[in-house]
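Computed from a predicted structure; not experimentally measured.
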Amino acid sequence: MQFNAIIEPFRVKTVEPIRHTTREQRLAAIRRAGYNPFLLKAEDVLIDLLTDSGTGAMSSRQWAGMMLGDESYAGARSFYKFEAAVKKITGFKHVMPTHQGRAAERILFGSALKPGDIVPNNTHFDTTRANVEYRGAIGLDIPIPEAHQPRVYHPFKGNVDLEKLERALAENPGKIPMVMVTVTNNSGGGQPVSMANIRAVSEIAHSHGAPFFIDACRFAENSWFIKMREEGYADKSPMEIAQEMFSYADGATMSAKKDGLANIGGFLAMNDDELAMKCKNMEILGEGFPTYGGLAGYDLEAIAVGLEEALDPDYLRYRIRSIEYLGERMKEDGIPFIEPTGGHAVYIDARAMLPHIPWNEYPGWALSLALYIEGGIRSAEIGTVMFGRQPDGSEKPADMDLVRMAFPRRMYTQSHVDYLAEVLGYIREISPRIRGVRMVEEPPVLRHFTARFEPAHGEILAEA
Ligand SMILES: *Cc1c(COP(=O)(O)O)cnc(C)c1O
């Protein structure tokens, strides 16, 4: 008998209370925060879906591992455990721990890029793009066309457009020092990349003499999608699939705050001896000695265990299925979102849901405020507030106005997801009454983090 209920493949050993608040309390809190969810106190949030980065719950094995942390400056036992865990999955020869994913990016690009270079990727994550551009190089996003069509189903919407990759390499000889692929494609909706696409990218890059690096933050979730959706992989374990993915690559950058199931950490790994030597020197300048890389010994222990736990089929089934289930409930209620649901998040199409709010009153932002005020849910606008300001000071609508609900790992349960579905259904009912906002204080860069807003028409929710 096949049972349908999703159960969490763990039981609870330590609990952290979350706090119910009244609508009045939430209205007061969001006013104090300048109508910016980033400026809320976390304790005023009931369900926090701001990000899946570093927010997950560690296992008893990870906490036990932390007690074994060897804090020796060089050559600590914990490093060798960490290195063995990374090598088992990736097979790469050189493994450098870093304090986050972006540190791995800074070290890699600082060692391998020069001004005018081009790095193709399905979609650069924002820190990846920023680190490429900081070197005076260009980040070229070339996902398949379906990546931009929210309601079109494609099993691997994170795939790279191979023709565009071939053309970029042919037209820019000597200017592409590496090709990257981000698994899953975070900025493109947490969408997976197929094994066939990874293999093809690797062959194309290598035929032009360019090394191939994987931005591996969600390698375990990507492996699960390959197992579920790609022919020939149903009987392989997520570990075997991950090993095959990395076998096509020459190196990887990783944020252990994602599929490392840790609260902090990351790594840079590669096969090339000469590049690794350069990177190790850069690492010493900015992160620390290459056997601790800005982390405590106990962090290395937590990541070593986390990387393996992230590949547990029961865990991956529960994780991907919970998010898919929320998508199904949203579809029943007529809530538009990027389909199919991704590995770590659901992206609501706020522009489609709130067509009466003009782009310059920020429909995504308004929707995220309504989710907080009505249900205590914190989400993140990925739209015109985040991307609308142009270098010349003008403003234009972003490609899409989305609201991302990103799921911390192993933190919330089925009943939390049912609650989310209920709140979202209610928000759908009252959506014609949701009003836009105007920005009253705007910082010069990365404005979404600290900007302050006011309702453009009295209140966020107009009287019935
Ligand atoms: C989070 C993330 C990074 C950066 O990692 P940090 O640990 O936040 O520095 C890079 N790439 C992708 C795809 C990410 O999701």
Side-chain angles (χ1 to χ4, degrees), residues 8 12 14-52 55 57 322 325-326 329-330 332-335 337 345-346 348 350 353-354 356-357 361-383 385 402-408 411-441 448-464:
E8 293 73 30
V12 176
T14 306
V15 295
E16 183 182 13
I18 50 177
R19 198 165 65 94
H20 276 282
T21 46
T22 63
R23 190 172 186 278
E24 281 64 45
Q25 287 171 325
R26 293 192 292 275
L27 262 177
I30 198 71
R31 265 190 213 123
R32 276 196 304 275
Y35 290 91
N36 185 338
F38 278 103
L39 303 179
L40 284 170
K41 288 185 178 162
E43 64 178 16
D44 291 331
V45 175
L46 183 65
I47 297 193
D48 204 342
L49 307 180
L50 190 65
T51 175
D52 66 320
T55 49
S322 321
Y325 167 76
L326 179 59
R329 295 279 308 263
M330 287 167 65
E332 281 164 21
D333 285 338
I335 299 163
F337 60 93
V346 176
I348 310 170
M353 188 163 167
L354 305 173
H356 57 284
I357 300 184
E361 289 181 8
Y362 312 119
W365 202 269
L367 180 58
S368 78
L369 292 175
L371 278 167
Y372 176 69
I373 293 167
E374 302 307 323
I377 298 161
R378 178 153 69 169
S379 54
E381 188 247 27
I382 310 235
V385 173
L402 304 174
V403 169
R404 183 183 78 171
M405 297 186 294
F407 286 75
M411 171 154 301
Y412 295 120
T413 65
Q414 163 101 34
S415 66
H416 294 112
V417 177
D418 281 329
Y419 172 80
L420 288 171
E422 205 180 325
V423 172
L424 283 160
Y426 172 68
I427 296 283
R428 171 79 191 134
E429 269 172 41
I430 61 167
S431 60
R433 289 162 52 204
I434 298 174
R435 298 283 175 267
V437 290
R438 65 166 169 267
M439 208 179 293
V440 292
E441 248 181 73
H448 54 284
F449 287 123
T450 53
R452 298 180 81 85
F453 299 80
E454 272 175 6
H457 308 278
E459 288 293 341
I460 296 297
L461 196 66
E463 294 292 328

Rounded to the nearest 0.5 Å, what separation is found between the [atom1] atom of [X] and the [atom2] atom of [Y]?
{"X": "R452", "Y": "L39", "atom1": "CZ", "atom2": "CG", "answer": "6.0 Å"}
{"X": "S431", "Y": "Y426", "atom1": "OG", "atom2": "OH", "answer": "11.0 Å"}
{"X": "F453", "Y": "M439", "atom1": "CZ", "atom2": "CE", "answer": "4.0 Å"}
{"X": "L46", "Y": "I377", "atom1": "CG", "atom2": "CD1", "answer": "7.5 Å"}
{"X": "Q414", "Y": "S322", "atom1": "CD", "atom2": "OG", "answer": "7.0 Å"}
{"X": "L371", "Y": "I427", "atom1": "CG", "atom2": "CD1", "answer": "5.0 Å"}

Does the pair D44 and Q25 meet the rule for a side chain to side chain contact (heavy atoms under 4.5 Å, CB included), with working shown? CA-CA 8 Å; D44 291 331; Q25 287 171 325; over 6 Å; no

Check the pair T55 / T51 against side chain to side chain contact (heavy atoms under 4.5 Å, CB included), numbers first and verdict last. CA-CA 7 Å; T55 49; T51 175; 4.1 Å; yes

With heavy-atom distances below 4.5 Å as the criterion, would you say the side chains of [X] and [Y] are in contact?
{"X": "M405", "Y": "L424", "result": "yes"}
{"X": "L402", "Y": "I348", "result": "no"}
{"X": "M353", "Y": "L367", "result": "yes"}
{"X": "D333", "Y": "R329", "result": "no"}
{"X": "I460", "Y": "Y372", "result": "no"}
{"X": "I18", "Y": "H416", "result": "yes"}
{"X": "L49", "Y": "P408", "result": "yes"}
{"X": "F407", "Y": "D52", "result": "no"}

Verdict with supporting geometry, I47 and Y412, side chain to side chain contact (heavy atoms under 4.5 Å, CB included): CA-CA 8 Å; I47 297 193; Y412 295 120; 3.9 Å; yes

Do you know the tightest heavy-atom contact between R438 and A456?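 Between these two residues, the closest heavy atoms are NH1-O, 3.6 Å.
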
Give the minimum heavy-atom separation between S368 and S379, together with the two atoms involved.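 Between these two residues, the closest heavy atoms are CB-OG, 3.3 Å.
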
Would you check if the side chain of [X] reaches a backbone N or O of [Y] as a donor-acceptor pair within less than 3.5 Å?
{"X": "N36", "Y": "A451", "value": "yes"}
{"X": "E361", "Y": "R435", "value": "no"}
{"X": "R26", "Y": "E374", "value": "yes"}
{"X": "Y419", "Y": "G375", "value": "yes"}
{"X": "H356", "Y": "I434", "value": "yes"}
{"X": "E24", "Y": "A28", "value": "no"}
{"X": "W365", "Y": "Y35", "value": "yes"}
{"X": "E459", "Y": "L461", "value": "no"}

Any salt bridge between D48 and R378, counting N to O under 4.0 Å?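 So D48 pairs with R378 through a salt bridge.
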
Determine, for E422 against R428, whether the closest basic-nitrogen to carboxylate-oxygen distance falls under 4.0 angstrom.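 No salt bridge links E422 with R428.
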
Please tell me whether Y325 and D418 have a donor and an acceptor in their side chains that are separated by less than 3.5 angstrom.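 Present: a donor and an acceptor within the cut-off.
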
